Visitor: 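Below is the structure I would like to discuss, written out as structure tokens.
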Amino acid sequence: MAYSKERYTMQYNFNEIEAKWQKYWAKNETFKASQNSKKEKFYVLDMFPYPSGAGLHVGHPLGYIASDIYARYKRHKGFNVLHPQGYDSFGLPAEQYAIQTGQHPAITTAKNIETYRRQLDQIGFSFDWSREIRTSDPSYYKWTQWIFIQLFNSWYNKDTDKAEAIDTLIAKFSSDGNASVNAVCDDDVVAFSADEWHAFSSKEQQTILLKYRLTYLAESEVNWCPALGTVLANDEIVNGVSERGGHAVIRKKMTQWSMRISAYAQRLLDGLEKIDWPQPLKDSQTNWIGRSQGAEVIFPILAFPKGEGTRPGYLTGGNNSHVLLERAKEMRNNPTQAEDILWQSLKSKNIGYKFRRQHVIGNYIVDFVCLTKKLIIEVDGGIHDAQKEEDTIRTAALNELGYEVLRFRNEQVIGDIDAVLKEILQSLEKIVVPPSGARGISVFTTRPDTIFGVSFMTLAPEHELVTQITTPEQKKAVESYIEATAKRSERDRMADVKTITGVFTGAYAEHPFTKEPIPIWIGDYVLAGYGTGAVMSVPCGDQRDYDFAKHFGIPIPNIFEGVDISEEAFTDKEKTIITNSDFLNGLPYKKALKTAIYELEKIGQGKGKINYRLRDAVFSRQRYWGEPFPVYYVDGMPQMIAPEHLPIKLPEVEKYLPTETGEPPLGNATTWAWCTEKNEVVPNSEINHTCTFPLELNTMPGWAGSSQYFNRYMDPQNEAEIFSQEAINYWQDVDLYIGGSEHATGHLLYSRFWQKFMFDRGFVPKDEFAKKLINQGMITGTSAFVYRNEDTGELTSKGLIKGLKVTPLHVDVSLVNSSDELDIETFKKTRPEFKDAEFILEDGKYIVGREVEKMSKSKYNVVNPDDIVKEYGADSLRLYEMFLGPLEQSKPWNTAGITGVHGFLKKLWRLYFNDNGSKVTDTVPSAENLKTLHKTIKKVEEDIANFSFNTSVSTFMICVNELTAQKCTSKDILEPLAILVSPYAPHIAEELWEKLGHSESIATVAFPTFEPKYLVESSKEYPISFNGKMRFKMELPADLPKEAIEAAVMAHEKTKEQLQGRTPKKVIVVPGKIVNIVG
RNA sequence: GCAGGGAUGGCGAAAUGGUAAACGCAGCUGGUUUAGAACCAGUACGCUGAGAGUUCGAAUCUCUCUCCCUGUACCA
């Protein structure tokens, strides 16, 4: 009996070992990163998880295992390693669960975190749990709120190309106004002087500053999801529906907080060059930012339709208009003969345009004016000959105000009224009046070199000019087109790219150079949200324009030399030679581009411009379970709460839905007002708008809490600062960041933005937060299927379904063994609907079908790590996940293979122990032993450097197989081996280490040093190939010179056999590698 | 359409200019102890998606094509 007990303890009892060491690590805080260490730092970070209710499946730990191996390896290499973990614990699922059950999201979140922690702990990660953070914890989101305030109090100075404190902007405004300020700001800022700045009211000043702040409140069109009751960011929408739940999304105007990320577009692009991130990830950020270089061109609008167009203000007078108005009235009542004749023809839209007489414009009273066309008609008597000079000044002043002046003499009007009217009409037709302040249609183009190829213009149906320029004849067609496109969802519009639709507005624009009229169309291939929402259409140089022109029979002028455009547009920039283009003739693309921009700038109708696709990020969400803003409102203007009063804690609410009046869920809170005297949150009833004000009802989006969390880990308990200068200066940045590629344009872009902002404001020393990033691939599930015969209802084994009409049905993967046989009895028990099903077997077995799919509950292919750990142990799970294949590749899970790595661990254990106890001796290791060990050290170090963890697991297997065959028992080999294995399989390594007689943890023991001398071979087995095909092998001394090798090979009888008497043309000898005989 | 990645035994894969398939799973044969199963020994299969080029030699480099995956999209 005693013997069998002894035997039991000497078995590899992984469950016991793993529990023991997990407890030891926790108790001794083995992996606590030291805050003041003389060691070199190394920061290994995982993307922290959102703690969902479903818990972890085997796909989740993949990245964590890889980073853990790296972190443990770095500890062995003598680094002070920071390897923290936390939870991104604000989010929609907890809130929706709360809506359904009434359970507070904080409670479900805490419960989920508990599950996650248990699951993570049992895998044996070396996280420094003393640094755990949770984004939903007020002590953490205090700093998210703090950063928001910093952003609010900053503006982007384009001259210094960085964010600066808002005070510096205010100082500029008070000394010079805003004329000299070169900032990233809203489009609609108007110029003001220092005096005007001082004259503005506080509210006006705040309104102006809001246009410059890095986070600002603006009415913007947002993606509103009625089903979720919230706004979604662009990256939260997939194929026109919400990423979560697939609900419809519509465009809606709302006042929202926005982040001026567009200020950083260029730097976010430039920064990609200095970070070691995967190329596909960099590419998707590059595409997302979408830089395109070209020009903005303005096309004046021609020929406003008669009587239509913009409605200019009636009161056009200057400062003395009250005096002039009296005089004008008088003059109206006493017209001259000529004036009267003309008025009879002009009044009541007689010639199609509305005219006014004796109208005050600026400081003048003009005889007649058409306000829509800004055309003034003056009828001069003899007196004007004497005051020619004065009239010139008058005309110039009116021109300055944007009016054309047409002068006629009394005699002309009286003598030939028809000729006068004809001239007036001609002028009216010709005059272009830019609507509502704009000077024409502004377009963005990357091909200003093709400007002479423009044969029409296209506006997005939503473009604001559409309603203003459409002619009465086209009005009906345009309106019905707009209605039709509005009905089509974004999804339909995307799916249906091939169908060409559009309609002519009836209006024309004027070509900047040829002055030819260009018809203006609207078409839904032009997107309102990109560029200016209008394009200059060059059918010969753009396929979409080409298709549109072909479809509607619009001319397609060719401006490319020697190119046939009868079938399709010519888009090859490099081969472009411009022709039929006036001053651009004969120029290649690049030169033509520059020249076109130069000429456009010269005539003031365009300029070179860089356009970005990246839009400012909407930062408000109409949700409960998110960070509250540290903002209250005074007279409609947002005010920041002073940082010393943070955190502003999320208030309690009755229910988590929007209020009946459509306000966000925080509108349900009864204690949600800010008292500026007590500096605390007080009941809403105390709101008096003098010292107590309403608080912001929106909360921050999901990415708020994750955009700086990596820096908070450096000093997570600091209550006075987001992190101490000491901590940030020591830890600097993340050395290795591992996580999924799905965050490419969300978290990873926003984090880089905030990091650059923090850098600009001097809070952090690095403007990129992660030097190296790795995307682990997804682990997919291997679903299993049974096949139901549609005719008989029988379940047919996979090999017999050919020719039958069968429906595949998912079965739980846990009921299938490694040979794809179904456990029929258990299947019947767990799926009552198949209790009496007839099974058609092959060779007495039911074989299931297999297919690789994403892991999901509904597919019955989810594999839970808990079960694996229980059955094979954490070390087996860790090794197996690494062994599956390259880290970055997506790969299917198949539990069957785990017996391989599990067997390896048992074999490893038996190197150290047999039934009687330890086998380890002080025997001097053989050369063979040392060769195996050092070969392994070399390969494993190379593999870790390349993140090739799958091959190092193979290397361990080879090593253990070899040492077992060598019957190695030497401590000098087995000790270093335990260290080598420890990053991968830490539990067994600790146990072996302890059994070898050590009392300290293996975690920081120095990694064995590779010594090349043990790998030196005295001989080499040369592969001898003939014409590149290996035929036989030959053992030769390793240091044999080239000539001797050749001689030895040629003398070999097998060589003669291969050559069959032929003389080789050539013999290639690569010493140490190969011999190749050609001939 | 564009961008990126990929295609090697029945399966996961290794080899990045020099012996293709290491390592593991599954298969097959034999053995040992079995309640299940575990362990040990042995073993077959396979020529790198197709074609061309460079080379003494190509899975690896170049070109053309096919297919698959990921991302993205009337981006002017």
Side-chain angles (χ1 to χ4, degrees), chain A residues 238 278-288 290-292 294 443-448 450 457-458 460 493-494 496-500 523-527 529-538 541-545 547-548 611-613 741-742 744-745 775 777-778 780 782 817-820 850 852 879-880 883-886 888-904 906-907 910 948 950-961 1021-1033 1064-1070 1072-1079:
Chain A
V238 178
Q279 195 55 43
L281 198 154
K282 287 187 184 182
D283 289 344
S284 49
Q285 291 209 347
T286 306
N287 285 335
W288 193 260
R291 181 188 203 265
S292 45
V443 301
F444 175 75
T445 177
T446 54
R447 299 292 304 273
T450 63
M457 303 194 62
T458 317
R493 223 162 125 168
M494 277 195 293
D496 190 18
V497 170
K498 298 261 148 54
T499 318
I500 294 157
D524 68 358
Y525 81 96
V526 177
L527 304 175
Y530 183 78
T532 60
V535 299
M536 58 175 229
S537 302
V538 184
D542 183 285
Q543 194 57 43
R544 291 158 303 174
D545 295 344
D547 295 340
F548 195 88
N611 197 48
Y612 296 95
R613 201 185 80 109
S741 56
E742 67 273 21
T745 52
N775 290 132
M778 195 173 48
T780 45
T782 312
N817 72 6
S818 52
S819 313
D820 292 348
R850 290 287 204 174
V852 172
L879 282 177
Y880 187 54
F883 188 64
L884 278 176
E888 305 199 34
Q889 193 175 301
S890 122
K891 54 224 158 208
W893 179 267
N894 187 351
T895 307
I898 200 167
T899 54
V901 292
H902 187 64
F904 155 74
K906 287 201 258 189
K907 215 165 166 182
R910 280 199 306 276
S948 175
N950 54 328
T951 50
S952 34
V953 176
S954 304
T955 305
F956 288 136
M957 289 173 170
I958 296 166
C959 175
V960 168
N961 288 345
E1021 194 179 39
Y1022 277 92
I1024 313 300
S1025 51
F1026 292 79
N1027 297 319
K1029 297 261 182 291
M1030 203 277 290
R1031 294 300 178 201
F1032 65 92
K1033 289 177 195 170
K1065 285 199 197 105
K1066 210 171 177 184
V1067 179
I1068 311 283
V1069 178
V1070 185
K1073 284 209 162 153
I1074 201 168
V1075 177
N1076 190 18
I1077 297 162
V1078 189

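Quick note on labels: first sequence line is chain A, next is B, and so on, each numbered from 1. The figures that follow rest on heavy atoms only: side chains count, while hydrogens, waters and symmetry mates do not. Not measured: the values here are computed from a predicted model.
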Visitor: Closest approach to the side chain of A/Met1030, judged atom by atom: which nucleotide of B/U19, B/G18, B/A13 is it?
Guide: B/U19
Visitor: In whole angstrom, what separates A/Phe1026's CZ from B/G18's P?
Guide: 20 Å
Visitor: Whole Å only: how far is the CG atom of A/Asn950 from the C1' atom of B/A13?
Guide: 8 Å
Visitor: Distance check, C1' atoms only: B/A44 and B/U70, in whole angstrom units.
Guide: 38 Å
Visitor: Contact class for A/Pro886 (heavy atom, under 4.0 Å): base, sugar-phosphate, or nothing?
Guide: sugar-phosphate
Visitor: Can you tell which of B/A76, B/G12, B/A22 lies closest to the side chain of A/Phe883?
Guide: B/G12
Visitor: Could you tell me how far apart A/His902 (NE2) and B/A38 (C1') are, to the nearest whole angstrom?
Guide: 10 Å
Visitor: Whole angstrom is fine here: how far is it from CG in A/Asn1027 over to P in B/U19?
Guide: 16 Å
Visitor: Report which part of the nucleic acid A/Thr955 touches: base, sugar-phosphate, or nothing (heavy-atom distance under 4.0 Å, all strands).
Guide: nothing
Visitor: Rounded to whole angstroms, how far apart are OH on A/Tyr880 and P on B/A13?
Guide: 10 Å
Visitor: Closest to the A/Val526 side chain: B/A76, B/G4, B/A13?
Guide: B/A76
Visitor: Of the options B/A73, B/C74, B/G18, whose atoms approach the side-chain atoms of A/Arg544 most closely?
Guide: B/C74
Visitor: What distance separates A/Phe1032 CZ from A/Ile1024 CD1, expressed to the nearest 0.5 Å?
Guide: 5.0 Å
Visitor: Would you mind reading off the distance between A/Arg613 atom CZ and B/U72 atom C1', rounded to a whole angstrom?
Guide: 8 Å
Visitor: For A/Asp545, report the nucleic acid contact type (base, sugar-phosphate, nothing); a contact means any heavy atom under 4.0 Å.
Guide: nothing
Visitor: When the distance from NZ of A/Lys907 to C1' of B/A41 is rounded to whole Å, what number comes out?
Guide: 11 Å
Visitor: Have a look at B/G57 and give me syn or anti from its glycosidic angle (syn if within 90° of zero).
Guide: anti
Visitor: Counting side-chain heavy atoms from C-beta on, which of B/C23, B/A15, B/A76 comes nearest to A/Thr951?
Guide: B/A15
Visitor: So A/Asn1076, base contact, sugar-phosphate only, or nothing? Heavy-atom distance under 4.0 Å.
Guide: base
Visitor: Assign A/Gln543 to base, sugar-phosphate, or nothing according to its heavy-atom contacts below 4.0 angstrom with the strands shown.
Guide: nothing
Visitor: Under 4.0 Å, heavy atoms only, any strand: does A/Lys906 hit a base, just the sugar-phosphate, or nothing?
Guide: sugar-phosphate
Visitor: So if I take every side-chain heavy atom of A/Ile1068 and compare against B/C75, B/C25, B/C56, which nucleotide ends up nearest?
Guide: B/C56
Visitor: Could you work out which one of B/C25, B/A76, B/A13 sits closest to the side chain of A/Thr445?
Guide: B/A76
Visitor: Of the nucleotides B/C75, B/A13, B/A15, which one has an atom closest to the side chain of A/Leu527?
Guide: B/C75
Visitor: Classify A/Asn611 by what it touches in the nucleic acid, base, sugar-phosphate, or nothing, heavy-atom distance under 4.0 Å.
Guide: nothing
Visitor: In this structure, how many angstroms lie between the P atom of B/G6 and the NZ atom of A/Lys891, rounded?
Guide: 14 Å
Visitor: May I ask you to verify if any side-chain N or O of A/Asn961 is less than 4.0 angstrom from the OP1 or OP2 atom of B/G24?
Guide: yes
Visitor: Once you apply a heavy-atom cut-off of 4.0 Å, does A/Arg910 come out as touching a base, just sugar-phosphate, or nothing?
Guide: sugar-phosphate
Visitor: What's the closest nucleotide to the side chain of A/Val1070 if the choices are B/A76, B/G18, B/A3?
Guide: B/G18
Visitor: When you measure from the side chain of A/Ile958, which nucleotide among B/C23, B/U19, B/A76 comes out closest?
Guide: B/C23
